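On a predicted model such as this, the values are computed, not experimentally measured, just so you know. Here is the naming used below: chain letters follow the sequence lines, and residue numbers restart at 1 for every chain.
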Protein chains: 2
Amino acid sequence: MSQLDDARNNFIQGMSRIANFWGLPRAMGAIYGIIYLSNEPVPLNVLVKDAGITKGAVSTNIRILGRMGLIHKYIKVGDRKDYYTAEIDFWLIIKKIMKEREKNEFNHAIKSVGNSIQMLKSADVNDSDPAISSFYIERMKEMKGFFDTLDSLVSAFLAIESLSQGTIKKIFDRNRN
Amino acid sequence: MSQLDDARNNFIQGMSRIANFWGLPRAMGAIYGIIYLSNEPVPLNVLVKDAGITKGAVSTNIRILGRMGLIHKYIKVGDRKDYYTAEIDFWLIIKKIMKEREKNEFNHAIKSVGNSIQMLKSADVNDSDPAISSFYIERMKEMKGFFDTLDSLVSAFLAIESLSQGTIKKIFDRNRN
DNA sequence: TACTTTATTTAGTTTAAACTAAACAAAGTA
DNA sequence: TACTTTGTTTAGTTTAAACTAAATAAAGTA
């Protein structure tokens with residue numbers, strides 16, 4: 001086991017932990033780490049060996065990684081194997097995930113806050129305690145405001161990042177030693 | 001079941017889903033939702049009833065919510081019950097979570113990327129392929145740069161938000177209809 | 001056509017998290 | 001002191017996710 005391998009293993013382990021932190025399978029993090037640290041497209045059988053899981057598990061994990069835009073399928077002509085490369089533009093990954101948030105659970109949940117407000121606003125006045133109703137509306141609006149601001153924030157940054165590759169990084173790099 | 005209750009249930013359900021999305025117990029989201037939508041401190045027995053889980057489960061969930069700064073314990077004199085109130089300043093919650101990130105798993109994992117780079121830099125030159133080593137370093141630095149930038153970004157926003165309450169919200173509200 | 005190689009799907013197993021039920025602890029009250 | 005009320009801890013159960021093993025599919029090759 002060379003020092004290079006040690007560093008690589010350490011990195012891959014870190015990716016596993018990050019995945020785990022985000023509620024994703026540890027193996028998914030490891031797979032991304034392996035592909036990310038390869039200078040050539042990686043076939044499935046290598047992932048099976050290096051991540052230490054079966055074909056089936058690699059297959060399902062890699063499909064999800066692909067959907068999230070973290071990896072890309074790469075096909076070599078005259079070779080039936082599927083190869084995979086890592087997306088290395090992390091801002092692009094975030095952008096893709098944000099774009100697809102319309103469809104996802106998190107967005108749906110956030111929207112339900114807006115729905116709840118609407119439900120209260122259109123509630124029959126005679127049938128509901130106005131003090132409670134207005135308290136609910138106040139609290140819910142507070143939360144909705146926060147989510148909307150967060151959303152604007154992220155959108156703004158991704159827009160800046162689109163204008164000129166690496167803008168944000170440059171701004172902050174100037175302030176670092 | 002009044003329209004008010006419908007809206008409340010809808011909101012609490014939304015909180016459960018958001019919790020679930022972040023890899024937290026659904027019940028934890030529900031508990032926070034219940035407390036958040038109460039204009040007075042909520043005792044444990046109400047949470048048991050409204051969230052539909054046992055005392056034990058409420059007890060453990062509420063401890064974690066407290067650690068995350070999402071709720072606060074509130075003690076009434078001459079009353080042995082513990083009551084709970086919701087922290088409604090979400091920026092403060094983020095700030096607290098960020099401050100405690102030093103101790104947490106995510107930060108540890110991110111640091112491991114920096115460690116891996118160090119391992120490569122201090123690797124015995126004679127004992128390692130320089131092409132692979134420099135490729136590894138390049139990739140790892142790319143990722144570390146991204147994490148550092150993200151970290152700076154979040155810190156900057158929280159600093160702005162600290163300077164004057166609600167600054168960010170105001171900036172974006174101006175741009176909304 | 002039969003055989004190989006590869007990826008996906010499926011059925012069943014393992015594992016870990018979150019819960020319940022119940023014991024326990026703490027602290028007041030009769 | 002015994003009893004009540006409240007919260008926590010613990011042992012065991014349930015559940016859901018992620019995995020393995022094996023069947024299946026797909027597609028090329030002899």
Contact span of DNA chain D against chain B, any nucleotide atom under 4.0 Å from a heavy atom, 5' to 3', runs D:dT5 to D:dT9
Would you mind checking if A:Asp50 and A:Arg8 are paired as a salt bridge, meaning a charged N to carboxylate O distance below 4.0 Å? yes
Any residue in residues 50-74 of chain B with a heavy atom nearer than 4.0 angstrom to DNA chain C? Just list them by number, or reply none. B:Gly52, B:Ile53, B:Thr54, B:Ala57, B:Asn61
Under a side-chain separation threshold of 4.5 Å, the hydrophobic residues clustered together with B:Met119 are none
Using a heavy-atom distance cut-off of less than 4.0 Å, which residues of residues 35-44 of chain B contact DNA chain C? none
Inter- and intrachain pairs under ring-ring contact (aromatic ring centres under 6.0 Å, His included), touching residues 113-147 of chain B, at least two apart: A:Phe90-B:Phe146, A:Trp91-B:Phe146
Applying side chain to side chain donor-acceptor pair (under 3.5 Å), name anything that partners B:Lys73, two or more places apart in sequence or on another chain. B:Asp82
Verdict with reasoning, A:Leu120 to A:Ser116, per side-chain contact (heavy atoms from CB on, under 4.5 Å): CA-CA 6 Å; A:Leu120 287 170; A:Ser116 301; 5.7 Å; no
Sequence neighbours excluded, which residues qualify as side chain to side chain donor-acceptor pair (under 3.5 Å) partners of A:Asp129? none
Taken to the nearest whole Å, CD1/A:Ile75 to C1'/C:dT6 is 13 Å
Please determine whether side chain to side chain donor-acceptor pair (under 3.5 Å) holds for the pair B:Asn10 and A:Ser112, giving the CA-CA distance in whole Å, both sets of side-chain angles, and the decisive distance to 0.1 Å. CA-CA 7 Å; B:Asn10 192 62; A:Ser112 77; 4.9 Å; no
Sequence neighbours excluded, which residues qualify as salt bridge (Lys or Arg N to Asp or Glu O under 4.0 Å) partners of B:Lys55? none
Look at the side chain of A:Arg80 and the base of C:dT5, then say whether one donor and one acceptor between them are separated by less than 3.5 Å. yes
For A:Arg139, all residues meeting side chain to side chain donor-acceptor pair (under 3.5 Å), sequence neighbours excluded: none
A:Lys81: side chain to side chain donor-acceptor pair (under 3.5 Å) partners, not counting sequence neighbours: none
Applying ring-ring contact (aromatic ring centres under 6.0 Å, His included), which residue pairs with at least one partner in residues 53-80 of chain B are found, sequence neighbours left out? none
Hey, do the aromatic rings of B:Phe157 and A:Phe157 have their centres closer than 6.0 Å? yes
What parts of residues 17-28 of chain A reach DNA chain D, counting only heavy atoms under 4.0 Å away? A:Pro25, A:Ala27
For B:Ile71, which of B:Asn61, B:Ile64, B:Ile62, B:Thr85 qualifies under side-chain contact (heavy atoms from CB on, under 4.5 Å)? B:Ile62
